[in-house]
There are 2 protein chains.
Amino acid sequence: MIRVLGIDPGSQRTGVGVIDVADDGRCRFVHAQALVLLQADSFAERLGLLCEGLEALLDAWRPQEVAIETVFMDKSATSALKLGHARGAALATVVRRRLPVSEYAPRVIKQSLVGRGAADKPQVQHMVRLLLNLPDAKLQADAADALAVALTHAHMSATARRTGASVAALRRR
Amino acid sequence: MIRVLGIDPGSQRTGVGVIDVADDGRCRFVHAQALVLLQADSFAERLGLLCEGLEALLDAWRPQEVAIETVFMDKSATSALKLGHARGAALATVVRRRLPVSEYAPRVIKQSLVGRGAADKPQVQHMVRLLLNLPDAKLQADAADALAVALTHAHMSATARRTGASVAALRRR
């Protein structure tokens with residue numbers, strides 16, 4: 001069994017989701033939440049809160065692998081830049097714990113969960129609930145996105161194990 | 001006297017410069033270097049190296065205030081995004097030490113040191129050497145840029161003290 005932490009980075013809210021992946025590839029829900037960063041006095045302090053929240057989560061749940069969304073560059077330059085700050089702070093935090101990090105584009109996550117790279121958010125969230133057997137759970141949107149990237153990593157790793165391909169090669173498809 | 005750390009963030013090299021600012025506003029060179037991040041195996045690991053290098057520097061030199069360049073948005077979206085990651089990792093590191101951070105646009109730094117917002121890099125580096133009395137020192141370019149933002153912070157703080165204006169108000173000019 002491997003415990004995977006998924007991160008959906010954002011400078012206002014960062015979604016985090018933890019799942020356990022059994023050797024046969026089945027996934028079990030462990031924990032999900034949004035780290036809300038809006039109470040900070042400045043943008044820089046939001047990043048500090050993000051790192052502190054993430055470290056508390058790593059201490060509490062002890063994931064062995066981490067999966068994180070890449071930035072969708074169609075956003076405005078300003079929002080991509082803000083997102084880059086949050087993502088950089090998050091990546092630095094997990095890398096410093098010597099945890100392996102895999103990165104997945106939003107399109108790859110949608111393709112992996114729904115079977116269509118152009119799927120919309122409600123479809124992705126529906127599949128997250130279905131795959132983790134959380135039919136009635138109220139999932140905060142960023143937390144659901146974090147579970148989605150964790151599930152994508154579980155699927156990609158399972159496919160890589162079956163086919164002998166590296167996850168990096170699969171992600172490039 | 002106040003010890004100021006200037007940071008010129010970058011995902012390949014991050015410049016850092018430490019100066020002491022006397023009560024009369026005079027600045028003294030303390031330390032400058034470039035944290036070279038290229039030996040890392042991945043982009044994420046560069047960010048980890050950046051945070052570790054920065055923390056070692058904070059431990060060694062114990063600055064009381066931090067000044068950092070903002071991102072010049074005329075860069076390509078991809079390079080701005082990479083820079084955003086480095087800047088986010090750096091900001092999170094200093095904020096977590098509860099150090100006050102001031103941010104300055106490249107144009108403001110040039111205006112403050114050379115008197116012209118459109119000054120070129122060699123002019124800025126010349127003024128850094130002159131103001132810190134380092135006429136013959138070989139300064140690595142990123143280290144010089146880090147000293148430039150530290151000097152800008154010293155000038156802005158001195159002006160703010162004299163006029164009673166806040167540094168934030170001066171930066172917006």
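What you see below is based on every heavy atom in this structure, not just the backbone, and it leaves out hydrogens, waters and symmetry mates. Per chain, numbering begins at 1; letters A, B, ... match sequence-line order.
The shortest non-hydrogen separation linking A:A89 to B:A92 is CB-CB, 4.0 Å.
Options B:K82, B:H85, B:R97 differ in how many heavy-atom pairs under 4.5 Å they form with chain A, and the most are formed by B:H85. Contacts with chain A were tallied for B:L81, B:L91, B:I68; B:L81 has the most, counting heavy-atom pairs under 4.5 Å.
Hydrophobic cluster membership is shared by A:I2 and A:L147, with clusters built from Ile, Leu, Val, Met, Phe, Trp and Tyr side chains linked at under 4.5 angstrom. Clustering ILVMFWY residues whenever any of their side-chain heavy atoms sit less than 4.5 angstrom apart, transitively, puts A:V114 in a cluster other than the one holding A:I109. Placement of B:M127 and B:L139 within a single hydrophobic cluster is found when ILVMFWY residues are connected by side-chain heavy-atom separations under 4.5 Å, directly or transitively. In terms of hydrophobic clustering, with Ile, Leu, Val, Met, Phe, Trp and Tyr side chains grouped at heavy-atom distances under 4.5 Å, B:M156 and B:L151 are assigned to different clusters. B:V94 and B:V18 end up in the same hydrophobic cluster when Ile, Leu, Val, Met, Phe, Trp and Tyr side chains are linked at under 4.5 Å.
The 12-atom threshold is exceeded at NE2 of A:H31, counting heavy atoms of other residues, nucleotides or ligands nearer than 6.0 Å. Within a 6.0 Å radius of NZ in B:K110, other residues, nucleotides and ligands contribute more than 12 heavy atoms.
Proximity to chain B among residues 42-65 of chain A is limited to A:A44, A:E45, A:L47, A:G48, A:C51, A:E52, A:E55, judged by heavy-atom separations below 4.5 angstrom.
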